[in-house]
Amino acid sequence: DGYDLREYPAQKWVATAAVTTATAGDLKKDNSSMFWKLFGYISGKNAAESKISMTVPVMISHVKEDVGDQTESAAMKREMAFFIPTEFQESPPDPAEADVRIMAREPLLVYSKMMGGFPDFPKEAEKFRAELEQGGHTDVD
């Protein structure tokens with residue numbers, strides 16, 4: 001059906017965030033900026049100067065933000081997170097950059113869909129929500 005339901009146990013991730021208007025140029029720039037901050041962390045830009053292998057999944061989340069009097073374009077809080085491999089789960093090294101953080105996620109169920117390139121995330125999210133609801137899933141947010 002074009003998507004998967006994935007179950008993730010409680011795990012630690014390294015994450016960074018950006019708030020932007022949803023223009024294609026901003027999204028592409030933010031993705032690149034967030035990726036390189038996280039890549040820096042796994043490449044040794046951390047308190048222990050540890051090299052950490054790149055793993056999957058990489059999670060990107062988007063949440064509409066209330067930005068006051070902006071009415072034309074919605075702002076999005078976007079977060080990118082890399083999974084921290086098993087050998088670092090118990091005690092991951094602290095990030096060297098202030099806007100990179102270690103986060104502990106509770107167990108979660110995620111509907112996942114692969115997309116290439118630089119999709120229009122708000123538009124794709126609405127299409128994916130409709131696809132899931134058409135498939136009988138009422139537990140989407």
Side-chain angles (χ1 to χ4, degrees), residues 1-48 50-141:
D1 31 351
Y3 56 87
D4 296 317
L5 177 60
R6 298 180 182 180
E7 183 175 359
Y8 296 104
Q11 299 169 323
K12 291 181 183 167
W13 299 68
V14 59
T16 190
V19 175
T20 187
T21 56
T23 66
D26 289 342
L27 294 175
K28 187 175 180 179
K29 184 177 86 175
D30 287 344
N31 274 349
S32 179
S33 175
M34 290 187 297
F35 175 85
W36 287 111
K37 285 179 186 181
L38 297 176
F39 188 79
Y41 173 83
I42 66 172
S43 297
K45 202 170 186 181
N46 56 64
S50 296
K51 305 273 193 233
I52 301 170
S53 61
M54 178 85 187
T55 61
V56 293
V58 173
M59 286 200 181
I60 302 174
S61 62
H62 300 80
V63 178
K64 288 182 182 175
E65 287 281 298
D66 180 11
V67 291
D69 58 353
Q70 271 193 354
T71 56
E72 296 271 329
S73 60
M76 299 287 280
K77 178 178 181 191
R78 305 178 66 242
E79 183 174 73
M80 182 180 288
F82 287 4
F83 172 70
I84 296 176
T86 305
E87 63 267 25
F88 292 95
Q89 275 292 311
E90 191 170 313
S91 184
D94 290 329
E97 291 193 51
D99 57 350
V100 175
R101 65 186 175 91
I102 303 298
M103 59 186 263
R105 285 194 187 231
E106 296 295 320
L108 59 129
L109 291 172
V110 177
Y111 292 105
S112 175
K113 184 172 187 147
M114 298 292 291
M115 287 185 273
F118 297 97
D120 178 339
F121 285 106
K123 180 178 173 183
E124 292 300 323
E126 286 305 314
K127 284 175 28 182
F128 191 32
R129 176 188 301 278
E131 180 181 354
L132 289 168
E133 288 173 349
Q134 185 176 13
H137 304 288
T138 59
D139 55 345
V140 296
D141 63 4

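We count residues from 1, following the sequence as given.
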- Note on the structure: Heavy atoms of Gly135 and Tyr3 approach each other most closely as CA-OH, 4.3 Å
- Nearest heavy-atom neighbours spanning Ala18 and Met34: N-SD, 4.0 Å
From [X] [atom1] over to [Y] [atom2], what is the distance, rounded to the nearest 0.5 angstrom?
X      : Y     : atom1 : atom2 : result
Leu38  : Glu97 : CG    : CD    : 9.0 Å
Thr86  : Gln11 : OG1   : CD    : 8.0 Å
Leu109 : Arg6  : CG    : CZ    : 12.5 Å
Trp13  : Ile84 : CH2   : CD1   : 9.5 Å
Asn46  : Lys51 : CG    : NZ    : 8.5 Å
Phe82  : Thr16 : CZ    : OG1   : 10.5 Å

- Task: Please assess Gln89 against Phe83 for the test side chain to side chain contact (heavy atoms under 4.5 Å, CB included), listing each intermediate value before the final yes or no.
- Result: CA-CA 9 Å; Gln89 275 292 311; Phe83 172 70; 3.6 Å; yes
- Donor-acceptor under 3.5 Å (Thr55 side chain, Pro85 main chain): no
- Query: Would a distance-only check, ignoring hydrogens and angles, find a side-chain to backbone donor-acceptor pair under 3.5 Å from Lys12 to Ala104?
  - Reply: no
- Query: Are the ring centres of Tyr111 and Phe128 closer than 6.0 Å?
  - Reply: no
- Any Lys/Arg nitrogen of Glu131 or Lys113 sitting under 4.0 Å from an Asp/Glu carboxylate oxygen of the other? yes
